[in-house]
Amino acid sequence: MANFSKSTVPQFSVEVYQNEYLPEGGREVNAIVTVTSTGGGTTGRRSLTGAPAAAALPGQGSNAAVVIMVDCSGSMDYPPTKMRNARDATSAAIDTLRDGVAFAVVAGTHVAKEVYPGNGALAVADAATRAEAKNALRKLSAGGGTAIGTWLGLTDRLLASADVSIRHGILLTDGRNEHETPEDLRAALDACAGRFTCDARGVGTDWVVKEVTGIASAMLGTADIVADPAGLAADFTEMMENAMGKEVADVALRLWTPVGVEIKFVKQVAPTVEELTGRRTQANTRAGDYPTGSWGDESRDYHVCVQVPEAGVGQEMLAARVSLILPAADGTSQVLSQGLVRAVWTDDMVASTSINPQVAHYTGQAELAQVIQQGLEARKSGDFDGATAKLGRAVQLAADSGNADTAKLLSKVVDVVDAATGTVRLKAKVADADEMTLETRSTKTVRVKK
């Protein structure tokens, strides 16, 4: 649980975008909730504008702990540059640690081993421990299998030994999780979820996208591909900068609803699509909490959909109250900010049929992620007509929403004849890296065009 003084907690704001007007008998209410966190203190990362953030103050990093998990299975030796790049990337991440942050390095094979500092402990980052850790990395060599659940279990035990609020893992793998069952990995993720966040990266093209993205999703972190191992150092540096920018952990999105209101779904829709509905924990009789993980200076969007009881023209009601909650170690909680979702019944046809631009945009972005994944699955299974239809729809949605990054990735898998109508042809030959990049990044969204 978090334990912060008011001076270190970022300022949270909640804005609700919706069309509250329903026709007589209308029941479904949709709202986009934008949560913004600012002013949590100086961070070790770039600001939202892209400008370099201010340097950390002495001792500021003391409320965080990070464990880096490096795949050292036999496949990391093919080619040999892969292991060297992984060592260099881990060194770069260690250099990015703020003074005072607790840290460790774990080598992952079919078992997990502590590389530094050892003896079940964490080191505290300073010039000396960084140098020692980078020296220890020279001993890393490739050999053995892959059992990621064991890596996560050791990381959890190491992070639990630190009296800090921000606990974070960085995980690198280059292959399939072949030396434990999917059930073993799922059990490890279930055991670790909520105890620390974790960013996951796949290097090369021999790993399974759904494994890596599933790890990041369960641990409220990010997932990505680094197709060329030479790009690992830059990616690890950026991941660590972002981790150093987190100022508060365990923030929950609390949704209170009146009697008779049913929650249809709650999902994060920016910067990525992440389903949260099934992660609800009951807060009290009428409210439930949805985990959001750690926050620095950043902004995220959530889509809340509820079903209200039928009502007549002229009636109105509070459909839901959305709050940002920070739990404390003593079992109490602090409300950081809140917003209201309303329902108003009207006979004005224009008002009741108008779709809020934010809701429309993110409904399209969620569909975009879905049809990309469905299209790639159809392509793999040999259903080329189905793949063409789904990926064509993805091209159309990406163009409509201005999602240029996703449009560019799609163009490496299909030849675009007409983006506006979604007319495409499947490419005869697609590089594994291009297909995996599209699948891995399919849930990344763009915000509404101004």
Side-chain angles (χ1 to χ4, degrees), residues 67-94 104-116 133-155 169-182 184-185 188 198-216 221-240 376 379-380 409 412-413 427 429-441:
V67 174
I68 304 171
M69 294 162 270
V70 184
D71 191 337
C72 292
S73 61
S75 57
M76 286 291 287
D77 243 352
Y78 300 96
T81 52
K82 198 188 291 183
M83 193 72 236
R84 186 175 71 243
N85 287 132
R87 284 194 293 265
D88 291 346
T90 306
S91 290
I94 289 168
V105 180
V106 166
T109 60
H110 52 285
V111 293
K113 295 180 180 177
E114 297 169 45
V115 176
Y116 181 82
K134 289 189 288 183
N135 187 55
L137 293 177
R138 297 176 187 172
K139 303 171 188 173
L140 289 182
S141 59
T146 306
I148 295 174
T150 66
W151 314 357
L152 293 167
L154 176 56
T155 295
I170 290 176
L171 184 151
L172 173 71
T173 184
D174 81 322
R176 299 166 186 268
N177 195 44
E178 295 179 326
H179 291 82
E180 66 183 359
T181 66
D184 288 337
L185 176 57
C198 183
D199 294 323
R201 295 294 184 267
V203 60
T205 57
D206 294 327
W207 48 281
V208 179
V209 172
K210 283 185 169 55
E211 282 182 354
V212 170
T213 56
I215 291 165
T222 65
D224 208 350
I225 179 174
V226 185
D228 182 351
L232 279 173
D235 188 78
F236 266 46
T237 298
E238 183 179 3
M239 272 195 292
M240 190 62 84
L376 292 176
R379 185 178 175 278
K380 290 173 189 173
L409 295 176
K412 295 184 178 182
V413 177
K427 287 185 182 291
K429 190 172 183 181
V430 177
D432 288 344
D434 290 335
E435 184 176 5
M436 291 175 72
T437 301
L438 175 60
E439 185 178 359
T440 304
R441 299 179 184 171

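Positions are given from 1, in the same order as the sequence printed here. Keep in mind that this is a model prediction, so the values were computed, not measured. FYI, side chains are in, hydrogens and waters are out, and symmetry mates aren't considered; it's all heavy atoms of this structure.
- You'll find the side chain of Leu140 stays beyond 4.5 Å of the side chain of Thr90, heavy atoms only.
- Shown here for Ala147 and His179, the closest heavy-atom pair between the two residues is CB-O, 3.9 Å.
- Closest approach of Cys198 to Met69, counting heavy atoms only: SG-CE, 3.9 Å.
- In this structure the side chain of Met83 never reaches within 4.5 angstrom of the side chain of Pro229, judged on heavy atoms.
- Side-chain contact between Glu180 and Ile148: present, with at least one pair of heavy atoms (C-beta onward) separated by less than 4.5 Å.
- Shortest non-hydrogen contact noted between Leu376 and Val413 is CD2-CG1, 4.4 Å.
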> Can Asp184 and Thr181 be said to form a side-chain hydrogen bond (donor to acceptor under 3.5 Å, both in side chains), step by step?
Replying inline: CA-CA 5 Å; Asp184 288 337; Thr181 66; 3.2 Å; yes
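- Rounded to the nearest 0.5 Å, atoms OG1 (Thr109) and CG (Asp71) are 8.5 Å apart.
- Leu172 contributes atom CG, which lies 7.5 Å from atom CE of Met239 (distance to the nearest 0.5 angstrom).
- Side-chain contact between Met240 and Ile170 is present, with heavy atoms from C-beta onward closer than 4.5 Å.
- Environment of NZ in Lys134: crowded, with over 12 heavy atoms of neighbouring residues, nucleotides or ligands closer than 6.0 Å.
- In terms of heavy-atom proximity, Ala86 sits nearest to Met76 at CB-CE, 3.6 Å.
- Distance CG/Leu438 to CD1/Ile225: 10.5 Å, rounded to 0.5 Å.
- Evaluated for a side chain to side chain donor-acceptor pair (under 3.5 Å) with Ser75, the options Thr173, Asp206, Asp174 yield exactly one hit, Asp174.
- Each of Arg441, Arg379, Lys427, Lys412 was evaluated against Glu435; a single residue qualifies, Arg379, per the salt bridge (charged side-chain N to carboxylate O under 4.0 Å, His left out) test.
- A donor-acceptor pair under 3.5 Å is formed between the side chain of Lys82 and the backbone N or O of Tyr78.
- When all heavy atoms of Gly231 and Val226 are compared, the pair lying nearest together is C-CG1, 3.7 Å.
- Side-chain contact check for Met436 versus Glu439: every heavy-atom pair is 4.5 Å or farther apart.
- Side-chain N or O atoms of Trp151 include none that pairs as donor or acceptor with a backbone N or O of Ala107 at under 3.5 Å.
- Put simply, the side chain of Val115 does not reach to within 4.5 Å of the side chain of Ile68, judged on heavy atoms.
- The distance from the OG atom of Ser91 to the CZ atom of Arg138 is 8.5 Å, given to the nearest 0.5 Å.
- Thr440 contributes atom OG1, which lies 9.5 Å from atom NZ of Lys210 (distance to the nearest 0.5 angstrom).
- The two atoms that bring Tyr116 and Ala136 nearest to each other are CB-CB, 4.1 Å, heavy atoms only.
- Considering CG of Leu185 and OG1 of Thr150, their distance stands at 10.0 Å, rounded to 0.5 Å.
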